[in-house]
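Below: one structure, written as structure tokens.
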There are 2 protein chains.
Amino acid sequence: MKRSLEHIVDKEGTETLANFAKALGHPTRIAILKHLENQSCCYTGDLVEIFPLAQSTVSQHLKELKNAGLIQGELRPPKIKYCINQEKWSIAKSLFQQFFD
Amino acid sequence: MKRSLEHIVDKEGTETLANFAKALGHPTRIAILKHLENQSCCYTGDLVEIFPLAQSTVSQHLKELKNAGLIQGELRPPKIKYCINQEKWSIAKSLFQQFFD
DNA sequence: AATACCAATCGTACATTTACGATAAGAAAT
DNA sequence: ATTTCTTATCGTAAATGTACGATTGGTATT
């Protein structure tokens, strides 16, 4: 790999990793993801009952996780079912893995 | 393990993990750590030359990494040598590892 | 003791994050 | 069409994060 290209790739990887880390940088969001790992899926309302937070706050955290690509929402009227986005999840996993050696 | 204790431990683990993630949640801090992984150690001045940031800004990022426990500084007058804190590093590593399964 | 060097800290400005209550939006069921 | 249920979005306030220049602090060296 060319040296210049190396730098670009590394820069991208760094930014991507920082982005994932930022999304994981709040206890509530970690807890949501842990819950999704156990349950595989859940509805917004479930989380609102679990956490001592307003519904709007939980929704906001879900939005950030969705923006980071770590979860995805599926319409299950009148609810919305959230699951981990396995594709992005494994990307994040390997980025953290290789970061920590 | 008792159920109640389980919750406490999990809660702590969640918070610790979120804390590490937060420290990793900025491209500059990821880049600093990547650099430290390569070099094993470096001085503040080295980083100031690498990054297009003010000395005070770099220092601030170093402080956050130090607060998170991921790095440690050692007096090498008139410089300060920074290294990865291997102990905390491996704690962070295993927390992320088990988080991602 | 005075100087020089390097890095931390201070003060500050601006942007982002986090939380809340209130309101709007979407899809089904009546 | 209206109502109901669930969740997203809006508006807002307080806290935190990020960046800078200027200043301070700490450690040798002269």
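- A:Y43 is not connected to A:L47 by any chain of hydrophobic side-chain contacts under 4.5 Å among Ile, Leu, Val, Met, Phe, Trp and Tyr, and they are in different clusters.
- If you measure from atom CZ of A:F51 to atom C1' of C:dA19, you get 15 Å, rounded to the nearest angstrom.
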(request) Could you walk me through whether A:L24 and B:L24 pass the side-chain contact (heavy atoms from CB on, under 4.5 Å) test, one step at a time? (result) CA-CA 9 Å; A:L24 299 179; B:L24 300 179; over 6 Å; no
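- Whole-Å rounding puts the B:L75 CG to C:dA7 P distance at 11 Å.
- The distance from atom NE2 of A:H26 to atom C1' of D:dA15 is 11 Å, rounded to the nearest whole Å.
- Ring pair A:F96/B:F96 is parallel by interplanar angle, where below 30° counts as parallel and above 60° as perpendicular.
- In terms of heavy-atom proximity, B:T14 sits nearest to A:P27 at CG2-O, 3.4 Å.
- At least one cation-pi condition fails for B:K93 and A:F100: the charged atom is not both under 6.0 angstrom from the six-membered ring centre and inside a 45 degree cone around its axis.
- OP1 or OP2 of C:dA7 has not a single side-chain nitrogen or oxygen of B:R76 nearer than 4.0 Å.
- Rounded to whole Å, the distance from NZ on B:K22 to C1' on C:dT16 is 12 Å.
- Note on A:H61: a side-chain N or O is less than 4.0 Å away from OP1 or OP2 of C:dA19.
- In this structure, the NZ atom of A:K81 is 23 Å from the P atom of D:dC5, given to the nearest Å.
- Within the model, atoms SG of A:C83 and CG of A:L70 stand 13.5 Å from one another, a figure rounded to the nearest 0.5 Å.
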Distances for protein N/O vs nucleotides 7-9 of chain D N/O pairs under 3.5 angstrom?
from, atom 1, to, atom 2, distance (Å)
D:dT7, OP1, A:T44, N, 3.2
D:dT7, OP1, A:G45, N, 3.4
D:dT7, OP2, A:G45, N, 3.0
D:dA8, OP1, A:Y82, OH, 2.1
D:dA8, OP2, A:S59, OG, 2.3
D:dA8, O5', A:S59, OG, 3.4
D:dA8, N7, A:Q55, NE2, 2.9
D:dA8, N6, A:Q55, OE1, 3.0

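- The B:P77 side chain lies nearest to D:dA28 when the options are C:dA28, D:dT18, D:dA28.
- Residue B:E64 contributes atom CD, which lies 14 Å from atom C1' of C:dT9 at whole-angstrom precision.
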